[in-house]
Structures are given as C-alpha cells and as structure tokens.
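Throughout, a chain's letter reflects where its sequence line sits, starting with A, and its residues are numbered from 1. Computation of the quantities below employed the complete heavy-atom set of this structure, encompassing side-chain atoms and omitting hydrogens, waters and symmetry-equivalent molecules.
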Amino acid sequence: MALSNNQIAAQLGQLAELLRAEGVNRFKVKAYHTAAEALRSYPQKVSDLLAGGQSLPKIPGIGASIGSAIQEIVQSGTLASVQRLGRGLPPGTAEIAEAIGISVREAQRLTKSLRVDTVEDLRKKLQAGEVGSAVGATLECKVRQGIEGIRRVLWVEARDLAEHFQALLTHANGCRQVEIAGSVRRGKDTVGTLALVVQTGNAPAARKVLKKHGGVEEVSEETESLIVCKLAAGPLLRVRFADAANMGAAMVEETGSPAHLLEVKGAVKASRKAVSTEETWYEVRGLPWIPPELREGRGEVEAAQNGTLPDLVQLDQIRGDLHAHTTASDGAHSLEEMVRAARARGYSYLAVTDHSKSLQITNGLDEKRLRQQMKAIDKLNASLKGFRVFKGSEVDILADGELDFEDSVLKQLDIVMASIHSRFALGKAEQTARLIRAIENPYVTCIGHLTGRKLLKRPGYELDLDKVLRAIKANNKLLEINSSPERLDIDDSLAMKARELGIQILINTDAHHIQELDFMKFGVQQARRGWQSADTVVNTLELPALVRRLRATQPRARS
DNA sequence: GCCGTTTTCGGCCCGACTGTTTTCAGTCG
C-alpha cells in the first residue's frame, strides 16, 4: 500500500528532530514540523497523486525544498538525510523522538538506558514500570503522555473530524441519516475512537467512500454492520450501519460507555423490541432519556430510576464570564473590545482578570498598573447600562502559597482568581499546603485551573485533592471549570466530587482573545459531565445575586 | 524552510526561571 500522508509526515518530523539535535536554526525545525502537520491534515493521499503522475499540490507550509523531500520519501520510502543524520545515534532514536513528541536528546537517554529501539518496546518497558527508575519521573511522564496520546485527540479536534466524516457519508449513495455518537457525543475531553451511526440502504457505497478517503490509513475491522478504520489523524473511526427500525438501539449502543451499558443491563430487563429512537429505547426499559454526557456508568441509571437525574446546566443559562485577559497583560484585545465582545454574546457581566506582576512573560500588572486598570473599569462602568465589568486579577500563587499582591490591594478587587503558574514539580505535601494557604486568604474568590493539567501534554501537579476540596468548601470559595479545550480543568469526576461536597462552580473561559469567549460551550459540556446544574454554577446568576455570592467568598473583607 | 512583500530579505512570540540535564534545554503563560 502506498505511503499515507501520516507516514510521510512522520519522516519529516524525524528529520525536524534530527536537525534540532544538530543545532540548526529553530525556525527551520519548526518549518518541518509545520509541513508535517499540514500533510497530516491534507484530505488527499499525496502518494496517490504523485503515483498518478500529478505534481505535488500547493499546500501551505510546504515549499520547494520540503516538496522535493516528500517526492523522495514517496519514491524511495525514506529520506537520505534522515538516514545520514540518524547514523550516529542508537537505532530507533529518531523514530521514538518523533512518535512520542520528545527531543532526540531525550530519546537518546531512553534508547541508551533502556536498550529499546522501537516505540513498542518502550511501551512494554513503561508497562513494566522500568522507565521511571532508568530516566527519572519527568521523562517517564512525557513518555506516558506520548505513548497514551498517540491515538487520542482533544474533543474539539475529534468533533471536527467526526463532522467531516458525517458530511462525507451523508453524501454517499443511499445514505439517509448520519449521526455522531460515542465519546464525541458524550463530550469526553479527549477522544480515541470516533463513532458514527449511519442509516443507509447501501452500506457498500458508504464503505467504499471511507476506503478511498485520504485520511483513512487502514481498515482494522469489518463485519456486516460495522467498519472500523484507523485514521491518519490518530483516532479510530467506527461506523455502525443500521436501518430505520434499529436506529434507537444503535444510537444507545454506540453512544454509551461500556460502563453505562452494563449499568442499564444490570438494572432493567432486556428487550428485543426494535425501536427507532433513543427515547423509546429507554422508555421500553422504564427509564427517562439520559443525557449523553451522563452515560458513563457513574450512577446515572439508578438516578434515572429514582427520578433524581440532575437538570444539567445549559449554555444559554450562562450570564457572564469571570476570567478573561486584555492587552494590559497577555490578551489580544483591549478592555473595551473584550467588553463589547462579552455584550455581543448576551452576557450581563465580565470580569477582567489580567495576570499579576510575577508572571513577567505575560506582562503581568504591578500595583500601579492594576490601579490604573481599576480606574479605567470604573469609568467604563459609569457609561454602561445593564452590564457590569468586574475589577479582577488572576493573582499568581507564589511558591510558598503567598499571593502576588498584598491584601490591601486584593481588597479593592471584585474578583480574585488565584492560580498556579510555576513550580509544578513541588512535592504533593508542599503543593497542597501552597494551594491551601492561598485558599485561606480572605480575599480570594475562586481557584483557577486547579490541577494545572494540559490534555495530552502533561498531567496536573501532585495534589491531595480531598484536602484541597475540603479547604475550598470550608472557606466558602468558588472553584473554576476552565473552558479552554486543552485544559478543561477541573475534570468531570472532580466536578462530581465538588458537587457532592456542596462546592459551587464558576465556568470561565480564561479568554486571551475575543473568539476564546466562545470556549464557554466546552466548559459547560464539562460541567454537564460533572452533573452540574444551574444552581451549582454561580455564573448562571443574575447580576445582583452574583454580586452577593462573590462577596460571600470574602467574609472578613466587606462585613 | 516558508511566507509575504513595503519582491528577495526579515520575521517566524519570548524572557525569566528551573533543575538534575552532559549548566543549557525545557518550561510557563
């Protein structure tokens, strides 16, 4: 089989990492990576085009030089420069570096200390617990993230891919309906398998469309009612064929997690009745329809039977955003532009929470600039009707848990979002004590991106989360769900725990750009997965009630 | 190496901080 775009891209990525190790200009390294990414997302198989005698299409990021490298890979299966540069290295080094996204230098430490030369060997060593002791916890963590992340993508990327294949199959001959199911529909923060349910009278036509698609690397499973393909973009694509009478069952089976389906099976009598909708499917089992976000096998079936399913929060219930940046620190838009954008989204309030002085790279505000910003906000508020701009700060939590501003400054703010941005490697006890000290500050309103995780990139720092949550509850503070698609911090299970403890939530975007205000929908989705309803999400409150709730987080501040 | 253009060279985000790493490369927002 001709090389896939992904296989060609992998070689370009290897070359990039080898060049980096050689110490070439970092922009040249970046150019190879950019080109590799462009190739990965290019819809047609370039090896097929070249084999068919066509010239390489114009792809942004791929110029003359990388273009001829691609020709070379397609013709000979490899790049002479990769062979040459890799010659001095232990075998497998460049492949491992590229596949799991680490530098050649780091990969060299792995191949040398662990005596591995393929990603598969490395995976085995990781499972056997041998990586950490050989190369240290930091690199072990990267390896784990890299290996586990190979086939997963962020929810937003998965949704885009799913919609792409949905549109594609909708146009296939005989196709009557294509629905997105699986973890994309459940809103899971990262996705390894895209699931589609296709109602068609001509499954062979749909199969054919998939097999000749440039983004499909291989077919990994095929039965009468199913086809599973490996996508070059990473995840698997699982397509289930159904007829009208079975759409209900197919949607339920392809949407629910295995744990959810087991919960249903354990709780109610099986039924073989053909049903065309999900509602009917649940109904014949004596259950109300269960929102997809809850179908994780975390007690939702019992709750459905008891009539205690939460009334999940919805995007249109959100009244404002309480974590956003402006050009005063590292945002892309001015105070006025951010406010205009928030109003355009129908909000009643926006908190401006620029970074504080310790975070110098973000141009964090010192006391003087913060005072100026507060004045500007007062002036702006005086001219606004039916909208309130809150004076806030995303105050850095310093290494010892002290905040970046004195209490005398914090007390002048409406909102103090306290967040950690440095010293991620502190031990669990130290990190926990650091955070709790910040939580106990009387002027703190809310803790921002609590765990510090970046999806598919790094786990959160070590924390005793039970202790931290209890401290938040005891001090009547709020907890953020950060809506940035690569954070989604806190995660769904932590949100469930917060709900059980009676901790209230703010769903914020942390927008650095007006378009990022639209991240709110991702945060709402995460909140729904965490069983949150409007009464546990504080920024569903109208302005006066919100102000009262914010003040309650600062009991000694404004009595 | 690519791009865009104020066409052929300058910009591509970056500056402080961290640490066990071959004291520079990796990391944070």
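- Checked against dC28(B), dG26(B), dC2(B), the side chain of S65(A) finds its nearest nucleotide in dC2(B).
- In this entry the distance linking CG of D330(A) with C1' of dC28(B) reads 11 Å, nearest Å.
- Remark: the separation of the C1' atoms in dG4(B) and dT8(B) is 11 Å, to the nearest Å.
- For the C1' atom pair drawn from dT23(B) and dA16(B), the interatomic distance equals 16 Å after rounding to whole Å.
- Using a cut-off of 4.0 Å between Lys/Arg side-chain N and Asp/Glu carboxylate O, D189(A) and R453(A) are scored as salt-bridged.
- Distance noted for atom C1' between dT27(B) and dT20(B): 15 Å (whole Å).
- The side chain of Q360(A) lies closest to dC17(B), out of dC14(B), dC17(B), dG26(B).
- Annotation: dC12(B) and dC17(B) have their C1' atoms spaced 24 Å apart (nearest Å).
- Each of R105(A) and K112(A) was matched to the nucleotide of DNA chain B holding its nearest heavy atom; the match closer to the 5' end belongs to K112(A).
- Taking 4.0 angstrom as the limit, S103(A) places a side-chain polar atom (N or O) nearer than this to OP1 or OP2 of dG26(B).
- Distance, L39(A) CG to dC2(B) C1': 15 Å, rounded to whole Å.
- Between the C1' atoms of dG11(B) and dT7(B), the separation comes to 15 Å (whole Å).
- For the C1' atoms, the distance from dG15(B) to dC2(B) is 25 Å, rounded to whole Å.
- Contact annotation for H325(A): no contact, since no heavy-atom pair falls under 4.0 Å across all strands.
- Dashed line: the shortest gap from a side-chain N or O of K142(A) to OP1 or OP2 of dT27(B) is under 4.0 Å.
- Both R109(A) and K30(A) lie close to DNA chain B; mapped to their nearest nucleotides by heavy-atom distance, the more 5′-ward contact belongs to K30(A).
- In textbook terms, a nucleotide whose glycosidic angle is within 90° of 0 is syn, and dT8(B) is one such case.
- At a threshold of 4.5 Å between non-hydrogen side-chain atoms, the residues N363(A) and H355(A) do not count as touching.
- Distances from the side chain of A31(A) to the nucleotides dC2(B), dG26(B), dC12(B) place dC2(B) closest.
- Atoms CZ (R458(A)) and C1' (dG26(B)) sit 13 Å apart, rounded to a whole Å.
- Base pairing analysis places dT8(B) opposite nothing; no Watson-Crick or G-U wobble pair with both distances below 3.5 Å involves it.
- Contact of the I397(A) side chain with the S419(A) side chain is not registered, since no non-hydrogen atoms from C-beta on lie closer than 4.5 Å.
- Atom NZ in K454(A) sits roughly 8 Å away from atom C1' in dC28(B) (whole-Å rounding).
- Counted by atom type alone, H323(A) and H449(A) present zero donor-acceptor pairs between their side chains at under 3.5 Å.
- Considering Y347(A), Y349(A), F387(A) as possible partners of V339(A), the one that fulfils the side chain to side chain contact (heavy atoms under 4.5 Å, CB included) test is F387(A).
- Going from the C1' atom of dT6(B) to that of dG1(B) covers 22 Å, rounded to whole Å.
- At the heavy-atom level, R487(A) lies under 4.0 Å from the strands shown only through sugar-phosphate atoms.
- In R319(A), the CZ atom is crowded: over 12 heavy atoms of neighbouring residues, nucleotides or ligands sit closer than 6.0 Å.
- For the pair H355(A) NE2 and dG15(B) P, the computed distance is 17 Å after rounding to whole Å.
- One atom, NE2 of H421(A), and another, P of dG26(B), lie 23 Å apart when rounded to the nearest Å.
- Using a 4.0 Å heavy-atom criterion, one finds that S422(A) contacts no nucleic acid atom at all.
- Within the structure, every side-chain polar atom (N or O) of R423(A) is placed at least 4.0 Å from both OP1 and OP2 of dC28(B).
- Rounded to whole Å, the distance from CD1 on I59(A) to P on dC3(B) is 11 Å.
- Within 4.0 Å of A425(A), counting heavy atoms only, lies no atom of the nucleic acid at all.
- In this structure, L426(A) places its CG atom 11 Å from C1' of dT18(B), rounding to the nearest Å.
- When distances run from any side-chain atom of K58(A) to the nucleotides dC12(B), dC28(B), dC3(B), the shortest one goes to dC3(B).
- Here D378(A) pairs with K391(A) in a salt bridge; the nearest charged N to carboxylate O distance falls below 4.0 Å.
- Among the protein residues, L139(A) comes within range of no part of the nucleic acid, since none of its heavy atoms lies under 4.0 Å from any strand.
- Separating the P atom of dC9(B) from that of dC13(B) is a span of 22 Å, rounded to the nearest Å.
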